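Have a look at the structure below before the remarks.
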Number of protein chains: 2
Amino acid sequence: MSLKHAILVQLETKPGSGYDLLQHFKGGLGYFWNAKHQQIYQQLKKLTEQEFITFSLEQQNGKPDKKVYKITELGIKELKRWLSGSVKPNKINDALLVKLYGGHLIEEDNLVNELKCHQQTHEKIYNNLLEIEQTYLNSSLPSREKYKLPYLTLRRGILGEQAWLSWAKEALQMIKK
Amino acid sequence: MSLKHAILVQLETKPGSGYDLLQHFKGGLGYFWNAKHQQIYQQLKKLTEQEFITFSLEQQNGKPDKKVYKITELGIKELKRWLSGSVKPNKINDALLVKLYGGHLIEEDNLVNELKCHQQTHEKIYNNLLEIEQTYLNSSLPSREKYKLPYLTLRRGILGEQAWLSWAKEALQMIKK
DNA sequence: CCTCCCATGTAAGCCGTTACATGATTGC
DNA sequence: GCAATCATGTAACGGCTTACATGGGAGG
């Protein structure tokens with residue numbers, strides 16, 4: 001049930017539309033949570049009903065209208081309540097590993113191709129994260145201080161992807177042998 | 001929708017009860033998928049209806065009866081079909097990172113404690129995985145060859161946990177500064 | 001023309017969690 | 001006595017995915 005709180009956290013730092021939130025969830029700093037637009041719009045609706053957020057309509061020229069959401073006092077209270085509680089360690093449900101585990105039932109080429117395909121995806125994400133890190137590291141000291149905690153989530157992404165890529169290299173070598 | 005296939009993969013290597021499967025999902029080699037008993041029993045029911053698995057009742061002395069499931073020909077066919085397809089990269093939904101991201105709203109001590117608490121959990125998992133690795137590495141060559149692919153999923157776990165622990169160390173240092 | 005981007009939603013259905021339920025045995 | 005382990009399930013609810021739906025503007 002953290003999508004709600006992931007949205008609240010984002011809106012607390014900066015008001016935005018459902019579409020804006022979606023971009024964040026796709027992009028780098030949204031590394032920590034994934035959501036599709038359908039789910040985001042549904043949650044925004046619920047959060048509005050609960051009065052944790054409000055929205056104002058913004059007209060744009062040449063583009064559709066936007067609903068710009070921002071967090072309310074009540075929303076900040078709820079967010080603080082949630083942040084003060086403890087969260088459960090992340091659980092891992094990785095379909096690729098299920099496939100590997102049962103890999104003896106299929107052709108080796110299939111396995112190798114799948115791994116290489118995933119490797120490419122992870123390399124892209126990794127490079128993307130490194131770019132964002134560079135932007136952070138080149139920013140001013142007060143800015144770096146301000147975004148210290150979000151930067152830590154970025155670091156989690158970077159170290160996680162490094163580990164994934166090391167593993168993939170090792171795995172490909174071992175399969176080919 | 002991979003829990004079904006995670007179960008099939010497990011039953012393909014060795015028949016077992018719902019309870020046995022649960023232990024696998026909790027223990028080391030089940031690192032790649034998580035499930036609670038309620039969900040496992042439900043899926044076993046569905047898989048039985050679809051005739052991908054069958055079960056036989058086994059009586060035990062001093063313990064409740066067991067339903068020992070095993071995969072059918074049809075089940076193996078279905079499993080091979082699924083294994084031959086491609087799977088999507090894993091998505092990350094990490095509540096701890098959401099909490100960190102919004103950490104400026106709560107006290108630093110809260111954040112540090114939460115991190116340390118998760119650190120302990122991950123250390124336990126890590127040590128557990130290393131133990132299993134030792135058992136694998138000390139096994140006979142034909143055995144090592146046989147469990148080559150499951151071993152790769154174990155390696156994923158080990159490298160993943162190493163990365164997590166490195167990150168946590170870094171994060172704690174950075175927060176305290 | 002076709003595709004991508006912007007921007008928002010509804011509805012159906014499966015996936016997963018939480019709560020509830022039972023009952024014997026073993027160890028502290 | 002109390003908790004843990006073995007062993008299996010049902011029911012309700014909320015989370016998440018997939019499919020369907022609309023509609024204008026920009027660029028190739």
Side-chain angles (χ1 to χ4, degrees), chain A residues 1-8 15-27 30 32-50 52-53 55-69 82 85 87-95 98, chain B residues 1-8 15-27 30 32-50 52-53 55-69 82 85 87-95 98:
Chain A
M1 235 253 281
S2 306
L3 173 56
K4 274 184 183 169
H5 300 101
I7 291 174
L8 287 178
S17 67
Y19 196 83
D20 293 337
L21 287 166
L22 185 66
Q23 301 312 313
H24 278 284
F25 281 123
K26 275 187 193 166
F32 53 79
W33 208 269
N34 279 274
K36 319 223 158 174
H37 79 270
Q38 293 95 326
Q39 211 190 340
I40 290 175
Y41 289 121
Q42 276 173 21
Q43 290 304 319
L44 285 171
K45 203 178 162 186
K46 279 189 189 173
L47 285 167
T48 307
E49 281 166 14
Q50 292 178 290
F52 292 150
I53 56 176
F55 66 89
S56 53
L57 281 169
E58 261 189 32
Q59 283 172 335
Q60 303 180 110
N61 40 0
K63 287 181 190 172
D65 288 1
K66 257 188 174 187
K67 277 186 182 176
V68 178
Y69 290 91
W82 182 82
V87 296
K88 285 177 206 164
N90 221 23
K91 39 162 228 164
I92 292 149
N93 288 31
D94 193 333
V98 176
Chain B
M1 237 254 282
S2 305
L3 173 56
K4 273 185 186 172
H5 300 101
I7 291 174
L8 288 178
S17 67
Y19 196 84
D20 293 337
L21 287 166
L22 185 66
Q23 302 313 312
H24 277 286
F25 282 124
K26 274 186 192 167
F32 52 80
W33 207 269
N34 278 274
K36 319 221 159 178
H37 79 270
Q38 293 95 327
Q39 210 189 341
I40 290 175
Y41 289 121
Q42 276 173 23
Q43 290 304 320
L44 284 172
K45 202 178 162 186
K46 280 190 189 171
L47 284 167
T48 307
E49 280 166 17
Q50 291 178 291
F52 292 150
I53 58 177
F55 66 89
S56 53
L57 282 170
E58 262 189 31
Q59 284 172 334
Q60 304 181 112
N61 39 359
K63 288 181 189 173
D65 288 2
K66 259 188 172 187
K67 278 186 183 176
V68 177
Y69 290 91
W82 182 82
V87 295
K88 285 177 205 162
N90 221 22
K91 44 160 226 170
I92 292 149
N93 288 31
D94 192 334
V98 176

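Chain naming here is simple, since letters A, B, ... match the order of the sequence lines and numbering starts at 1 in each. All figures in this text were calculated on a predicted structure; none of them were measured in a lab.
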- Message: Please compare B/Asn34 and A/Asp65 by the position of their nearest nucleotide in DNA chain C and report the one closer to 5'.
- Response: A/Asp65

- Can you check the B/Leu57 CG to D/dC6 P distance for me, whole Å? 19 Å

- Task: Evaluate the side-chain proximity of B/Tyr69 to B/Phe52: yes if any heavy-atom separation is below 4.5 Å, no if none is.
- Result: no

- Task: Measure the distance from CD on A/Gln23 to P on C/dC5 and round it to the nearest whole Å.
- Result: 9 Å

- Message: Can you see if the side chain of A/Lys88 gets near the phosphate of C/dT18 - specifically, an N or O under 4.0 Å from OP1 or OP2?
- Response: yes

- Task: Check whether any side-chain nitrogen or oxygen of B/Lys66 sits under 4.0 Å from OP1 or OP2 of D/dT8, and answer yes or no.
- Result: no

- Query: How many Å lie between CG on B/Leu3 and C1' on D/dC16, as a whole number?
  - Reply: 15 Å

- Among B/Thr48, B/Leu44, B/Leu47, which residue meets the side chain to side chain contact (heavy atoms under 4.5 Å, CB included) test with B/Phe55? B/Thr48

- Query: What nucleotide among C/dC6, C/dG9, D/dT8 has an atom nearest to a side-chain atom of A/Tyr69?
  - Reply: C/dG9

- Item | N or O in side chain of B/Lys45 less than 4.0 angstrom from D/dT8 OP1/OP2 | no

- Side-chain contact test, heavy atoms from C-beta onward, threshold under 4.5 Å: evaluate it for A/Ser2 versus A/Trp33 and give yes or no. yes

- Message: Side chain of B/Gln38, heavy atoms from C-beta onward: which of C/dG16, D/dT8, D/dG9 has the nearest atom to it?
- Response: D/dG9

- Note on the structure: When rounded to whole Å, the CG to P distance for the pair B/Asp20 and D/dT5 reads 16 Å

- Quickly work out the B/Leu21 CG to D/dG9 C1' distance and round it to whole Å. 15 Å

- Query: OP1 or OP2 of C/dG9 less than 4.0 angstrom from a side-chain nitrogen or oxygen of A/Tyr41, does that happen here?
  - Reply: no

- Item | Rounded interatomic separation in angstrom, taking CD from B/Gln42 and P from C/dT17 | 11 Å

- Task: With heavy atoms under 4.0 Å as the rule, sort A/Lys4 into base, sugar-phosphate or nothing.
- Result: nothing

- Query: Whole-Å distance between D/dC6 P and B/Leu22 CG?
  - Reply: 10 Å

- Message: Taking the side chain as everything from C-beta on, heavy atoms only, tell me whether A/Tyr41 gets closer than 4.5 Å to A/Leu22.
- Response: no

- Between C/dA7 (P) and A/Phe55 (CZ): distance, integer Å: 16 Å

- Answer yes or no: is there a donor N or O on one side and an acceptor on the other, between the side chain of A/Asn34 and the main chain of B/Ile92, under 3.5 Å? yes

- Do any side-chain nitrogens or oxygens of B/Lys36 fall under 4.0 Å of OP1 or OP2 in C/dT18? yes

- Are OP1 or OP2 of C/dG9 and a side-chain N or O of A/Lys67 less than 4.0 angstrom apart? yes

- Item | Nearest-nucleotide pick for A/His37, side chain only, options being D/dG15, D/dG9, C/dG9 | C/dG9

- Query: Is any side-chain nitrogen or oxygen of B/Gln39 closer than 4.0 Å to OP1 or OP2 of C/dT17?
  - Reply: yes

- Message: So, applying side chain to side chain contact (heavy atoms under 4.5 Å, CB included) with B/Lys45, which one of B/Gln43, B/Gln42, B/Glu49 is it?
- Response: B/Glu49

- Message: Can you see if the side chain of A/Lys91 gets near the phosphate of C/dT17 - specifically, an N or O under 4.0 Å from OP1 or OP2?
- Response: yes

